[in-house]
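These notes are about the structure you will find just below.
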Amino acid sequence: MEYTYLGRTGLKVSKLCLGTMNFGSYTSEEDAFAIMDRALDAGINFFDTANVYGGKGERGRTEEIIGRWFAQGGGRREKVVLATKVYGGMEDETEGPNQGSGLSAFKIRRHLEESLKRLQTDHVELYQMHHIERHAPWEEIWGVFESIVNQGKAYYIGSSNFAGYHLVQAQAAAEKRQFLGLVSEQHKYNLLCRLPELEVLPAAEDLGIGIIPWSPLGGGMLSGKMLDPEPGSRSESRAADLSEQERTQLEDYAKLCENLGESEPNVALAWLLANPAVSAPIIGPRTMEQLEQALRAVEIDLSEETLKELDSIFPGPGGRAPEAYAW
């Protein structure tokens, strides 16, 4: 495994981040334990989760699974850079007006305490806002996060699903408080979704915020299974809806990967890892086999020629804004 710094911090994380969203919903607890053990053995020290993960009607279940894995001991907790998130509603909204989504100080404090109990730990290394808060002022948001960091319950604060200007607003407000502010932004970014190159990636790079791409395989589109899906699989129904353009792109991509002698998902991950703005893409294995296959990605060094071919197959927005669409 290779390691990098998380944004501008001194914290070193593996170049692959283990996403746990499938644990408890598509992956059994026993299999999740085995996957986490294998990930740790392979050198993956960066684990990502969220308080809302676990499946319909069972929010929090994924954090509970991770907590029981930590409780086995063996240095598991000490070896992991643990990230979780806050924003989504955890309770029945009929129980009160503050039970839905949002980032009030009231909610952040309560939800962090609940996450720590489920995770069976007294802190998380990275506490992330799962979405932008459009009502609470930054004075309120940074006030509570600064307190949490000072108490040692979280070491760093990150964001997810922020626009470029949200990153700038957040950092400007943090700087006024002489607070570190955001160290990472978890964002949807892959060969099929390159709009973040306009604003989000440039802003993050300039501010020293590490990008943690989610959905690196485009929701399975880059998994290598779309052109010939297994009957009855989740890919089958989506494959039937492919447009002619999408099918052509995937066919060209499959040929390129075959010529490289690498799997399609691993080339998609290697493409992300070649971007200096990226700290670590999130892999979300449902099975041990998927984890084992993904480990190869950090060893792939894509040539400039290959990167140009990928640009040709999956054109980006044309670079940074405003040059991408203006003179």
Side-chain angles (χ1 to χ4, degrees), residues 17 19-28 31 48 50 52-59 62 88 101 130-131 160-161 163 186-201 211-260 262-273 275 278 281-287 289-291 293-294 296-297 302 306-318 324-325:
C17 177
T20 61
M21 188 170 67
N22 288 316
F23 295 174
S25 50
Y26 295 103
T27 303
S28 70
D31 289 344
D48 176 76
V52 295
Y53 293 168
K56 188 175 181 180
E58 297 190 73
R59 293 187 170 193
T62 301
S101 299
H130 212 158
H131 197 275
S160 182
N161 304 309
Q186 194 172 130
H187 211 83
K188 183 177 182 179
Y189 183 46
N190 55 60
L191 280 165
L192 290 162
C193 178
R194 297 184 59 175
L195 283 177
E197 294 171 11
L198 285 171
E199 304 268 5
V200 175
L201 267 63
I211 293 292
I212 305 171
W214 61 266
S215 192
L217 304 185
M221 288 282 283
L222 300 168
S223 66
K225 299 177 181 178
M226 281 294 144
L227 296 177
D228 187 23
E230 295 181 11
S233 68
R234 290 192 294 173
S235 300
E236 187 177 29
S237 60
R238 190 167 183 186
D241 294 329
L242 287 176
S243 67
E244 185 177 342
Q245 179 183 348
E246 288 173 328
R247 185 169 294 278
T248 298
Q249 284 180 306
L250 294 181
E251 288 173 350
D252 291 344
Y253 180 59
K255 290 177 184 177
L256 183 150
C257 295
E258 184 179 1
N259 291 337
L260 292 174
E262 302 289 353
S263 73
E264 291 161 53
N266 279 352
V267 171
L269 289 169
W271 177 81
L272 288 168
L273 289 167
N275 192 318
V278 170
I282 296 175
I283 57 172
R286 287 183 292 107
T287 65
E289 181 184 9
Q290 290 177 346
L291 171 63
Q293 291 173 350
R296 163 66 183 157
L302 300 178
T306 298
L307 292 174
K308 288 179 180 178
E309 287 186 62
L310 288 169
D311 281 340
S312 177
I313 297 171
F314 303 107
Y325 49 79

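It should be emphasised that the depicted structure is a prediction, and the values quoted were computed from it without experimental measurement. The chain is numbered in sequence order, starting from 1.
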Side-chain contact test, heavy atoms from C-beta onward, threshold under 4.5 Å: evaluate it for [X] versus [Y] and give yes or no.
X      : Y      : answer
Leu256 : Thr306 : yes
Leu310 : Leu302 : yes
Asn275 : Tyr189 : yes

Minimum heavy-atom distance between [X] and [Y], given as atom pair plus value:
X      : Y      : result
Gly224 : Glu264 : CA-OE1, 3.1 Å
Pro281 : Pro216 : CB-CB, 4.4 Å
Lys188 : Cys193 : O-SG, 3.9 Å
Ser101 : Gly88  : OG-CA, 3.8 Å
Ala254 : Leu227 : CB-CD1, 4.4 Å
Leu217 : Ala268 : CD2-CB, 3.8 Å

Discussion item. Under the rule for ring-ring contact (aromatic ring centres under 6.0 Å, His included), what residues qualify as partners of His130, not counting sequence neighbours?
Written reply: none
[X] side, atom [atom1]; [Y] side, atom [atom2] - distance, nearest 0.5 Å:
X      : Y      : atom1 : atom2 : answer
Ser28  : Phe23  : OG    : CZ    : 9.5 Å
Leu191 : Leu222 : CG    : CG    : 5.5 Å
Met221 : Leu250 : CE    : CG    : 5.0 Å
Met21  : Arg286 : CE    : CZ    : 11.0 Å
Leu272 : Asn190 : CG    : CG    : 7.0 Å
Leu269 : Arg296 : CG    : CZ    : 12.0 Å

Ignoring hydrogens and angles, tell me if any N or O in the side chain of [X] forms a donor-acceptor pair with the backbone of [Y] under 3.5 Å.
X      : Y      : answer
Tyr53  : Gly24  : no
Asn266 : Gln293 : yes
Glu246 : Leu242 : no
Thr20  : Asp48  : yes
Asn22  : Gly284 : yes
Glu262 : Cys257 : no

Item to complete: Return the set of residues passing salt bridge (Lys or Arg N to Asp or Glu O under 4.0 Å) with Arg194 (not counting sequence neighbours), or none when no residue passes.
Response: Glu197, Asp311
Discussion item. Would you say CD of Glu258 has more than 12 non-hydrogen atoms from neighbouring residues, nucleotides or ligands within 6.0 angstrom?
Written reply: no
Worksheet item: When you look at CG of Asp228, are more than 12 heavy atoms from neighbouring residues, nucleotides or ligands closer to it than 6.0 Å?
Response: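 Not buried by this count: 12 neighbours or fewer within 6.0 Å.
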